[in-house]
Amino acid sequence: MPRVKNGVAHHARKKKIMEAAKGARGGRSKLYKAAKETAERAMRYAYRDRRKKKGEFRALWITRINAAARLHGMSYSALIAGLKNAEISINRKVLADLAVNDLPAFAQLAEAARQAKAV
């Protein structure tokens, strides 16, 4: 049986790692071992931060909604509770967009929440 060599696959793997580490400084983009460590760490951070980004956006939306709610004399929690009582289902992303770009529509939602909370 002939000997099986792995040269082509090895070079392809190495090229892929070196491409991924291209933006690093010094040996971290030139030397294979350092480039591999750099690329793997970068991939770990990228994976973690794709998930972290979702939480950061939710926090931003909540901050914007709270600021707009306080302009209408209520807190964030009171607004959300009022919307639930009024059976208005709107997600925080859309609510934050309304708070920033369409204040009259947000005012209507805040008023509906206030009336539902009073009942």
Joint hydrophobic cluster, Leu31 plus Ile17, side-chain heavy atoms closer than 4.5 Å: no

Quick one: does His10's side chain have a donor or acceptor within less than 3.5 Å of a partner on Asn6's backbone? no

Pairs under 3.5 angstrom only: tabulate donor-acceptor contacts from the side chains of residues 97-104 to other protein residues two or more places apart or in another chain.
{"unit_1": "Asp97", "atom_1": "OD1", "unit_2": "Asn101", "atom_2": "ND2", "d": "2.7"}

Tell me which donor-acceptor pairs under 3.5 Å the side chains of residues 55-74 have, and how far apart each pair is, sequence neighbours excluded?
{"unit_1": "Thr63", "atom_1": "OG1", "unit_2": "Ala59", "atom_2": "O", "d": "2.9"}
{"unit_1": "Asn66", "atom_1": "OD1", "unit_2": "Arg70", "atom_2": "NE", "d": "3.1"}
{"unit_1": "Asn66", "atom_1": "OD1", "unit_2": "Tyr76", "atom_2": "N", "d": "3.3"}
{"unit_1": "His72", "atom_1": "ND1", "unit_2": "Ala68", "atom_2": "O", "d": "2.9"}

Is Arg48 atom CZ crowded by more than 12 heavy atoms from other residues, nucleotides or ligands, each under 6.0 Å away? yes

Kindly write out the residues that satisfy side-chain contact (heavy atoms from CB on, under 4.5 Å) with Thr38, not counting sequence neighbours, or none if the list is empty. Ala24, Arg28

Mind checking whether Leu95 and Leu83 have side chains closer than 4.5 Å, heavy atoms only? yes

Interatomic distance, Lys16 atom NZ to Glu19 atom CD [nearest 0.5 angstrom]: 11.5 Å

I need the Ser29 OG to Met18 CE distance, nearest 0.5 Å. 6.5 Å

Looking only at heavy atoms, which two atoms of Ala39 and Ala20 are closest? And how far apart? CB-CB, 4.0 Å

Give a yes or no answer on whether the side chain of Asn91 reaches the backbone of Val94 with a donor-acceptor pair at less than 3.5 Å. yes

Working to the nearest 0.5 angstrom, can you tell me the gap between Lys22 NZ and Lys30 NZ? 8.5 Å

Using a strict threshold of under 4.0 Å (side-chain N to carboxylate O), is an ion pair present between Arg114 and Glu111? yes

Can you confirm if the NZ or CZ of Arg51 lies within 45° of the ring axis of Tyr47 and under 6.0 Å from the centre of its six-membered ring? yes

